[in-house]
2 protein chains.
Amino acid sequence: MNDEGRATRPQTRIQQRNTTAILEAALEVFSAQGFRGATLDQIAAAAGLSKPNLLYYFPSKEAIHLELLRGLMDDWLAPLHALDPAGEPRDEIMGYMRRKLEMSREMPRESRLFANEVLRGAPHMMPAIETGLKSLVDEKAAVIRGWSEAGRIAPVDPYHLIFSIWALTQHYADFEAQVRAVLGPGHDPYSEAGAFLDLLFTRLLATG
Amino acid sequence: MNDEGRATRPQTRIQQRNTTAILEAALEVFSAQGFRGATLDQIAAAAGLSKPNLLYYFPSKEAIHLELLRGLMDDWLAPLHALDPAGEPRDEIMGYMRRKLEMSREMPRESRLFANEVLRGAPHMMPAIETGLKSLVDEKAAVIRGWSEAGRIAPVDPYHLIFSIWALTQHYADFEAQVRAVLGPGHDPYSEAGAFLDLLFTRLLATG
DNA sequence: CGTGAACCTGACCGCGTGGTCAAAGAAAAC
DNA sequence: GTTTTCTTTGACCACGCGGTCAGGTTCACG
């Protein structure tokens, strides 16, 4: 039981369990209802706690929301971070796309939480976007531009290539209701998307 | 001054002006704040009316929201509706994509309003999506499948082709905050996107 | 088992918000 | 000019919601 790092972190068993339950419940409610649409009672109920008890662990509704967003940023950057400048260009880009699609399948609530935030103009995340996200994208875009100029993939604008990966993969999580309604029953949107996107990016990146 | 059509529709000059102003103001506020996040006071202020006066023209906050969504559906279907089965396949699909991108540029608030609704699981629009939208997509997907099978465009899943057009074009409106933050100043996202998407769909659809 | 800290709750509060209403103020109709 | 209908508003209300608090209960630890 060391006490290193960020000041004051007792972290008992109960604290661990309850904060986890609260964040899980908050993710569920915020992603489905938005920040203003969610109520502390809903979150408390979903977490199996009373509202005052919930506020014993977090000082305010906003604090829960911020904590959720803060934790999300790392997960969100990870797939792009893993794009390896030393790898085979096509494999790296397709791999990035597949990881993002996998994230949409496995973490649709997180995707919707993020979408909600950006839709509003990213009031809380703009600093993180302008620093962490931007610099990472700049870095990887330079790598892709290099590949492009070296003729290892077809010429493309690297920024919009990255945007297209975000758009195409997150769409299946954020607009899931619409996708399922249009396809009708008996479809697995994500596996179909996997095949389609493989094809799309293969053709986009193929050299002469 | 005829009185045909839907029962009771006096529509004086003042009524016309005020309902228009209210819907315009509501679009502004709802698209930026979401349904729950928006307040009647904000909408009234943006419309230049008092709150009670606003409620003289619409019975409730929800009624304004519904009216907005109802009016949006037609605009939303129009670009796909215009895809001509008798046209040149590549031109038709690329034309559809360009019309959608144009809509994102010209009507970003409407795009965000729609995104907000679908993110929440489309509680109000699901009926319209399951009927109007789905049948239109089914119809046009069949056309595209025909082109694909006839070898006039490269083989693609027509449904996911349409989804990809939605995702790629709406992304620039819905995630505008992020796109601008990542690109930095001195960029015109939409014109760059136009060039990129031209390239992307050209390569995706090219035969041989 | 005792004691202090951590955990939990019912009751409560103030404020913002959706919505109402009676009555005043403009337009239109005659 | 008068009446009638349409338009606008200030004052008001009920309620849901975020947040507080005093006090009770449970837990960890010696």
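Only a predicted model underlies this, so the values are computations on that prediction, with no experimental measurement involved. Below, read A as the first sequence line, B as the second, and so on, with proteins coming before strands; counting in each chain starts at 1.
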* Asked: Does B:F114 have its ring centroid less than 6.0 Å away from the ring centroid of B:W76?
  -> yes
* Fit a plane to each ring of B:F30 and B:F35, take the angle between them on a 0 to 90° scale, and name the class: parallel (under 30°), tilted (30 to 60°) or perpendicular (over 60°). => parallel
* Whole angstrom is fine here: how far is it from CZ in B:R36 over to C1' in C:dT17? => 10 Å
* Return yes if some donor-acceptor pair links the side-chain N/O of A:S104 with the main-chain N/O of A:T169 below 3.5 Å, else return no. => yes
* Asked: OP1 or OP2 of C:dC7 sitting under 4.0 Å from any side-chain N/O of A:T12?
  -> yes
* Taking only heavy atoms on the protein side, list every residue of residues 49-65 of chain B lying under 4.0 Å from any atom of DNA chain C, sorted numerically. => B:K51, B:P52, B:L55, B:S60, B:K61
* Asked: Where along residues 17-33 of chain B does a heavy atom come under 4.0 Å from DNA chain C, residue by residue in number order?
  -> none
* Structure fact -> From the candidates D:dC6, C:dC8, D:dG18, the one with an atom nearest any side-chain atom of A:I14 is C:dC8
* To do: Decide yes or no for A:F58 and A:H65: does some side-chain heavy atom of the first lie under 4.5 Å from some side-chain heavy atom of the second?
  => no
* Structure fact -> All heavy atoms of B:A177 vs all of A:V118, minimum pair found to be CB-O, 4.1 Å
* Considering just the side-chain nitrogens and oxygens of A:Q15, establish if one lies under 4.0 Å of OP1 or OP2 belonging to C:dC7. => yes
* Less than 4.5 Å apart, any side-chain heavy atom of A:L68 and any of A:E110? -> no
* Within 6.0 Å of NE2 in B:H187, more than 12 heavy atoms from elsewhere -> yes
* Distance-only side-chain donor-acceptor flag, B:H171 / A:Q170, under 3.5 Å -> no
* Name the nucleic acid region contacted by A:A44, choosing base, sugar-phosphate or nothing; use a 4.0 angstrom heavy-atom cut-off, strictly under. => nothing
